[in-house]
Amino acid sequence: MPELPEVETIARVLRDGSGDYQTSIIGCQVNQAVLLWARTLATPAPGIFEKLIIGQTIQSLSRRGKFLVFLLSDLTLLIHLRMSGDMRVENGHDEAGNPKPFEKHDRLALEFNNGQRLVFNDTRKFGRAWLVKDPAEVLGWLGPEPFDELLTTDAFFEMLHRRSRQLKPLLMDQHFIAGLGNIYTDEALHLAKLHPLALTDQITKEASTRLLSAIREVLGEGIRRNGASIDWVYRGGDFQNHFSVYGRAGSPCPICGTPIERLVVGQRGTHI
DNA sequence: CACGTCACCTGCGTGC
DNA sequence: TGCACGCAGGTGACGT
């Protein structure tokens with residue numbers, strides 16, 4: 001899926017507009033909701049969802065971990081893109097004023113009073129949307145944001161030593177820290193010169209400090225480059241051209257020239 | 001608690 | 001060309 005930098009990029013585009021769409025969805029009022037794949041909606045039931053969301057105005061849009069957080073008039077819409085989700089804003093009608101047909105894999109759409117519509121497209125159908133009164137119902141269990149100032153080097157070291165787990169699976173555990181996925185975890189571990197299978201409670205203070213700063217470095221670069229665009233899920237970013245290890249098995253390490261190895265950790269392709 | 005496995009889905013590349 | 005298989009940015013429910 002989109003990881004933190006990709007979700008952040010999508011949030012910024014929807015908020016500020018970019019390229020073809022210079023308009024923001026902030027301030028738009030929902031006229032109509034169209035649910036094209038029922039399981040995309042985690043909660044509430046479709047009929048209730050439609051009833052509740054019509055008339056709501058988008059107050060703000062932010063990101064928490066890999067979730068998009070739409071603050072509405074008196075509810076919160078949360079969307080998780082999982083592996084293949086994407087969001088776009090478009091005019092809901094063509095030049096003749098006829099409703100524009102949906103695209104393949106469109107799963108949920110919100111039509112606005114200004115004629116625009118927000119569409120959630122998700123090839124693999126793993127993505128989910130929640131409409132809730134209190135966002136903590138869905139987000140409450142998430143670990144800290146990687147850039148949170150309260151996440152100090154001391155706190156991070158203490159978090160790593162509170163359990164004994166393989167480093168990579170723990171970094172990808174959203175309870176531990178929110179936002180890292182397969183790409184950025186591999187990149188951060190490489191930058192910090194740490195092995196994905198190292199045990200968390202054996203990490204030295206120096207290594208844990210290096211790791212936290214590597215996490216922030218790779219996520220920051222990902223955001224600056226508007227995320228990574230892989231395969232058919234193109235979103236405009238170009239971080240994919242700057243990976244050090246991810247997807248580069250057999251190629252030389254940019255630091256030492258040793259061929260990059262691919263192994264499997266927790267069922268995920270892992271590059272060292 | 002830590003870890004492995006499977007499930008949820010569609011589509012693309014590879015090799016036979 | 002057809003087809004099987006492996007692989008993919010994520011997560012959650014199990015079983016051991």
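Protein chains get the first letters and strands the later ones, always in sequence-line order, with residue 1 at the start of each. Note that these values count all heavy atoms, side chains included, but never hydrogens, waters or copies made by symmetry. Everything numeric in this text was worked out from a predicted model, so none of it was measured.
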Original post:
When the distance from CE of Met159(A) to P of dC1(B) is rounded to whole Å, what number comes out?
Top reply: 16 Å

Original post:
Hey, is Phe126(A) doing a stacking thing with dC8(B), by the 5.5 Å centroid and 30° angle criteria?
Top reply: yes

Original post:
Contact class for Arg162(A) (heavy atom, under 4.0 Å): base, sugar-phosphate, or nothing?
Top reply: nothing

Subject >> Same-atom distance (P) from dC9(B) to dA13(C), integer angstrom >> reply: 15 Å

Subject >> Distance between P atoms of dT5(B) and dG6(C) (Å, rounded) >> reply: 15 Å

Subject >> Distance below 4.0 Å between Gln174(A) side-chain N/O and dT11(C) OP1 or OP2 >> reply: yes

Original post:
Does Arg268(A) place a side-chain N or O at less than 4.0 Å from the phosphate oxygens OP1/OP2 of dG10(C)?
Top reply: yes

Subject >> d(CZ, Arg124(A); C1', dC12(B)) in whole Å >> reply: 11 Å

**OP:** Would you mind reading off the distance between Leu81(A) atom CG and dT10(B) atom P, rounded to a whole angstrom?
**Re:** 18 Å

Subject >> Leu171(A) CG to dA2(B) P, straight-line distance once rounded to whole Å >> reply: 14 Å

**OP:** Could you tell me which non-hydrogen atom of Arg268(A) sits nearest to which non-hydrogen atom of Asn182(A), and how far apart they are?
**Re:** CB-OD1, 3.5 Å

**OP:** Measure from NZ or CZ of Arg162(A) to the centre of the six-membered ring of Phe176(A), then state whether that distance is under 6.0 Å and the direction lies within 45° of the axis.
**Re:** no

**OP:** Taking only the side-chain nitrogens and oxygens of His105(A), find out if one of them lies under 4.0 Å from OP1 or OP2 of dT10(B).
**Re:** no

**OP:** Take atom CG of Asp106(A) and atom P of dC9(B), then tell me their distance rounded to the nearest Å.
**Re:** 18 Å

**OP:** Could you walk me through whether Tyr184(A) and Leu171(A) pass the side-chain contact (heavy atoms from CB on, under 4.5 Å) test, one step at a time?
**Re:** CA-CA 10 Å; Tyr184(A) 292 91; Leu171(A) 293 177; over 6 Å; no

**OP:** Under 4.0 Å between any heavy atoms, over every strand shown, what does Gln166(A) touch: base, sugar-phosphate, or nothing? Just pick one.
**Re:** sugar-phosphate

**OP:** Identify whether any heavy atom of Arg128(A) sits under 4.0 Å from a base atom; if not, whether one sits that close to sugar-phosphate; answer base, sugar-phosphate or nothing.
**Re:** nothing

Subject >> Toward the 5' end of DNA chain B, by each residue's nearest nucleotide, Gln267(A) or Ser164(A) >> reply: Ser164(A)

**OP:** Would you mind reading off the distance between Leu160(A) atom CG and dA2(B) atom P, rounded to a whole angstrom?
**Re:** 12 Å

Original post:
Between Asn121(A) and Lys104(A), does any side-chain donor sit less than 3.5 Å from a side-chain acceptor?
Top reply: no

Original post:
Do Glu206(A) and Arg210(A) sit within salt-bridge range, that is, some charged N less than 4.0 Å from a carboxylate O?
Top reply: no

Subject >> Given dG10(C), dC3(B), dC9(B), the nucleotide with the shortest approach to the side chain of Arg39(A) >> reply: dC9(B)

Subject >> Nucleotide nearest Leu199(A) when distance is taken to its side chain, options dC3(B), dA8(C), dG10(C) >> reply: dC3(B)

Original post:
Within the pair Arg163(A) and dA2(B), is there a side-chain N or O less than 4.0 Å away from OP1 or OP2?
Top reply: no

**OP:** Could you please name the partner base of dT11(C), counting Watson-Crick and G-U wobble pairs only when both distances are under 3.5 Å?
**Re:** dA7(B)

Subject >> Whole-Å gap separating C1' (dA2(B)) and CG (Asp173(A)) >> reply: 11 Å

Original post:
Within less than 4.0 Å of OP1 or OP2 of dT11(C), is there a side-chain N or O belonging to Lys66(A)?
Top reply: yes

Original post:
Which nucleotide, dA2(B), dG12(C), dA8(C), lies nearest any side-chain atom of Met83(A)?
Top reply: dA8(C)

Original post:
Quantified in whole Å, what is the P atom distance between nucleotide dC6(B) and nucleotide dC5(C)?
Top reply: 15 Å

Subject >> Residues Glu3(A), Lys66(A): salt bridge by 4.0 Å N-O rule >> reply: no

**OP:** Could you check how far CG of Asp186(A) sits from P of dA8(C), rounded to whole Å?
**Re:** 10 Å

Original post:
Run the side-chain contact (heavy atoms from CB on, under 4.5 Å) check on Leu142(A) and Phe67(A) step by step: do they pass?
Top reply: CA-CA 10 Å; Leu142(A) 285 175; Phe67(A) 287 82; 4.0 Å; yes

Original post:
Would one find a side-chain N or O of Lys125(A) under 4.0 angstrom from OP1 or OP2 of dC8(B)?
Top reply: no

Subject >> Distance between C1' atoms of dC3(B) and dA8(C) (Å, rounded) >> reply: 22 Å

